[in-house]
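Take a look at the structure set out below.
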Amino acid sequence: MQTKYTAETLKLALDQYIGTENWYHHSLLKKFLYTDGAQFFFQETESYWLLDLITFEYFPLLQHEPFLSIVVESESQQCKICVDDGNGNVLATKHISFSTLISGIWKFYLIDNVLMLPTEY
C-alpha cells in the first residue's frame, strides 16, 4: 500500500471530523453504521479489513455493553486491537500478525450501532 499520509498527517486529517453528514452501512450487516470520519480512515488507509473485523467480532458486544472503545495500535506491520467498555474494563483483544496499516494509535467509539471517531462523538 502506498499512502500519502504519515501517522501525524493522518491524525491531523482525522481531527477535522466533528459530527457527520453521512451514514454508511456495512454491506453485509445493514444495521451497522459508520460515520464520515470512519469512512475516511478505512478508505485512506485501505483498511476495510478492520471495518469487517469490528463489524463481525466487536459489534455483537453491543448486546451486553452500551458503549465500546476500540483502540488499534499499529507498529512494525503488526496490530493489537483492544476493546473496552470506556471505563477501562477490557472486553476483547486481538493481535494481527501482518498489517499494512500506518503505524500509530487509532481510536474509535461504537455506540448505538454507529462506529465513529472520538472527535465525532
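Linking ILVMFWY residues whenever their side-chain heavy atoms come closer than 4.5 Å, directly or via other members, places L51 and I96 in the same cluster. Note: the hydrophobic cluster containing V71 does not contain W106 (ILVMFWY, side chain heavy atoms under 4.5 Å, direct or indirect links). L29 and I54 fall within a single hydrophobic cluster, where Ile, Leu, Val, Met, Phe, Trp and Tyr are joined by side-chain heavy atoms under 4.5 Å apart, directly or via other members. Hydrophobic clustering keeps F42 apart from W23 (ILVMFWY residues linked when any side-chain heavy atoms are closer than 4.5 Å, directly or through intermediates). Linking Ile, Leu, Val, Met, Phe, Trp and Tyr whenever their side-chain heavy atoms come within less than 4.5 Å leaves L33 and L110 in two separate clusters.
Side-chain N or O atoms of T9 include none that pairs as donor or acceptor with a backbone N or O of Y5 at under 3.5 Å. A donor-acceptor pair is defined here as one N or O able to donate and one able to accept, closer than 3.5 Å; such a pair exists between the side chain of S74 and the backbone of L101. A distance-only check finds no donor-acceptor pair linking the side chain of D112 to the backbone of V114 [under 3.5 Å]. The closest donor-acceptor contact from the side chain of E120 to the backbone of T20 lies at 3.5 Å or more, if one exists at all. Here the side chain of D85 pairs no donor or acceptor atom with the backbone of L68 at under 3.5 angstrom.
Residues D52 and W49 are not in side-chain contact: their nearest non-hydrogen atoms beyond the backbone lie 4.5 Å or more apart. Residues Q77 and S99 have side chains not in contact (no heavy-atom distance under 4.5 Å, counting atoms from C-beta outward). A 4.5 Å side-chain heavy-atom check between N22 and Q39 finds every atom pair outside the cut-off. You'll find the side chain of E21 reaches within 4.5 Å of the side chain of D36, heavy atoms only.
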Walk me through it: do E75 and K80 pass the test salt bridge (charged side-chain N to carboxylate O under 4.0 Å, His left out)?
-> CA-CA 9 Å; E75 186 177 355; K80 178 184 175 191; over 6 Å; no
Candidate pair L115 and I70, rule side-chain contact (heavy atoms from CB on, under 4.5 Å), full reasoning = CA-CA 10 Å; L115 181 71; I70 302 168; 4.2 Å; yes
Kindly indicate, with the supporting measurements, whether the criterion side-chain contact (heavy atoms from CB on, under 4.5 Å) is fulfilled by T35 and Y17.
-> CA-CA 9 Å; T35 61; Y17 288 92; over 6 Å; no
Step by step, work out the side-chain contact (heavy atoms from CB on, under 4.5 Å) result for T93 and V83.
-> CA-CA 6 Å; T93 60; V83 180; over 6 Å; no
Tell me, with the steps shown, if L53 and I81 meet side-chain contact (heavy atoms from CB on, under 4.5 Å).
-> CA-CA 10 Å; L53 185 112; I81 302 168; 3.4 Å; yes
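A centroid separation of less than 6.0 Å is found between the aromatic rings of H26 and F56.
The environment of NZ in K11 is crowded: more than 12 heavy-atom neighbours from other residues, nucleotides or ligands sit within 6.0 Å.
Rounding to the nearest 0.5 Å places CG of L10 at 10.5 Å from NZ of K4. Taken from CZ in F98 to OG in S76, the straight-line distance is 12.0 Å, to the nearest 0.5 Å. Considering CD of E73 and SG of C79, their distance stands at 9.5 Å, rounded to 0.5 Å.
The two residues L62 and F67 make their nearest non-hydrogen contact at CD2-N, 4.4 Å. Among all heavy-atom pairs drawn from K31 and N113, the shortest one is O-CB, 3.4 Å. Heavy-atom minimum distance, K94 versus E57: NZ-OE2, 3.4 Å. Across all non-hydrogen atoms, the minimal contact from Y109 to S69 is CE2-OG, 4.0 Å. Closest of all the heavy-atom pairs between L117 and A38 is CG-N, 4.0 Å. Smallest separation of non-hydrogen atoms from L14 and G37: CD2-O, 4.0 Å.
There is no side-chain donor-acceptor pair under 3.5 Å between D84 and N89. Checked by atom type, the side-chain pair T119/D15 shows no donor-acceptor distance below 3.5 Å.
Under the side-chain contact (heavy atoms from CB on, under 4.5 Å) rule, Y34 has a single partner from F108, Y24, F41, which is Y24.
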